[in-house]
Amino acid sequence: MKKIIITKKVIIANWKINPLTEKKAKKLFGDTVGGFKNSENIELVICPPDIYLPLFKNHSQKVKLGAQDCFWKKGGAYTGEISPDILKNYGISYVILGHSERRINLKETDIMIAQKIKIAQSAGLKTILCVGENAAQKRQRNTFSVIKKQLTESLSLLGKSKLSGLIIAYEPVWAIGPGDPCPRETALIAMANIKAMLVKLFGENGANIPILYGGSVDATNANNYLENDGFDGLLIGGASLNGKEMTKIFSSIVG
Ligand code: PGA
């Protein structure tokens, strides 16, 4: 008989640089966690701005905390950066790396991201690598070559034995922001391609790396990406700033 493996869907709330006050951050955390009842089938990860992490550290057993970035060194003379070891030692479980907003605004390259992934993985953080094409690359039908380059280069410093805790997020850049989500079928084709590329890079183990979808996820479409052998989870930006919307998302996810 085929073994049934029940794995939790991973929901990442990426708050970016929101909210602007501690009071509002506490309220948003409270509203989000208050509406989160189904921790048996969902792993909820909240990624606030780093400065708010201590507010939530001992707050809830049900929720994991993540950072939105980290540097590629353990420590030392790197003004303004945060190291994966500091995050891990502080009790943070996850880190998002290679988000398109950092690639665009801070000119992060795949090589920089590769160094970050290597050191974050060896610190023991669960590492979410974001990949995805922008609108022009999509128009030119370059989606898969873009993703292939991002995966190949960003994962080039990781050995086959270092894959535990690695997660990929497919985030088409054109879908990030309000209102233009990637159609499920298109997203699933990208997911299948990513899986095939991971198998090429890492052999059979590559097939076990979870793949999330991100880009204009809300309560009306969240479960659509997950159901019927869909994605392993979601990376949610805008909607994660609204506790009520998150509650609806949680209850829309059936299993
Ligand atoms: P969005 O952001 O949900 O607001 O589209 C997703 C992301 O940037 O990770």
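Please read all numbers here as calculations on a predicted model, not as lab measurements. Excluded from the calculations below are hydrogen atoms, water molecules and symmetry mates; all remaining heavy atoms, backbone and side chain alike, are included. One-based numbering, in listed order, for ligands and for the atoms of each.
- The neighbour count for N105 CG, taken as heavy atoms of other residues, nucleotides or ligands under 6.0 Å away, is above 12.
- Every atom of ligand 1 is numbered from 1 in the order shown, and the set under 4.0 Å from a heavy atom of K16 is 2 (O), 7 (C), 8 (O).
- By the 6.0 Å and 45° rule, K57 stacks over the aromatic ring of Y90.
- Every atom of ligand 1 is numbered from 1 in the order shown, and the set under 4.0 Å from a heavy atom of S216 is 1 (P), 3 (O), 5 (O).
- Taking the salt bridge (charged side-chain N to carboxylate O under 4.0 Å, His left out) definition, one finds that K62 meets it with nothing, sequence neighbours left out.
- Among residues two or more places apart in sequence or in another chain, the salt bridge (charged side-chain N to carboxylate O under 4.0 Å, His left out) test is passed with D50 by none.
- Per-residue contacts place I176 under 4.0 angstrom from the following atoms of ligand 1 (heavy atoms of the residue considered): 2 (O), 5 (O), 8 (O).
- Residue contact check for ligand 1: G177 places a non-hydrogen atom closer than 4.0 Å to it.
- At a 4.0 Å cut-off, at least one heavy atom of G215 sits close enough to ligand 1 to count as contact.
- Using a 4.5 Å cut-off between side-chain heavy atoms of Ile, Leu, Val, Met, Phe, Trp and Tyr, with links allowed through other members, L125 and I11 fall into the same hydrophobic cluster.
- Of all atoms in ligand 1, listed by their number and element, those nearer than 4.0 Å to a heavy atom of N14 are 9 (O).
- Checking only distances, A239 never comes within under 3.5 Å of ligand 1, N or O to N or O.
- For ligand 1 and L235, the ligand atoms under 4.0 Å from any heavy atom of the residue are 9 (O).
- Short contacts between ligand 1 and G238, defined as distances under 4.0 Å to a heavy atom of the residue, involve ligand atoms 1 (P), 3 (O), 4 (O).
- Between the side chain of S154 and the backbone N or O of L151 there is no donor-acceptor pair closer than 3.5 Å.
- A cation-pi arrangement is present between K138 and W174, with the terminal nitrogen or guanidinium carbon under 6.0 Å from the aromatic centre and inside a 45° cone about the axis.
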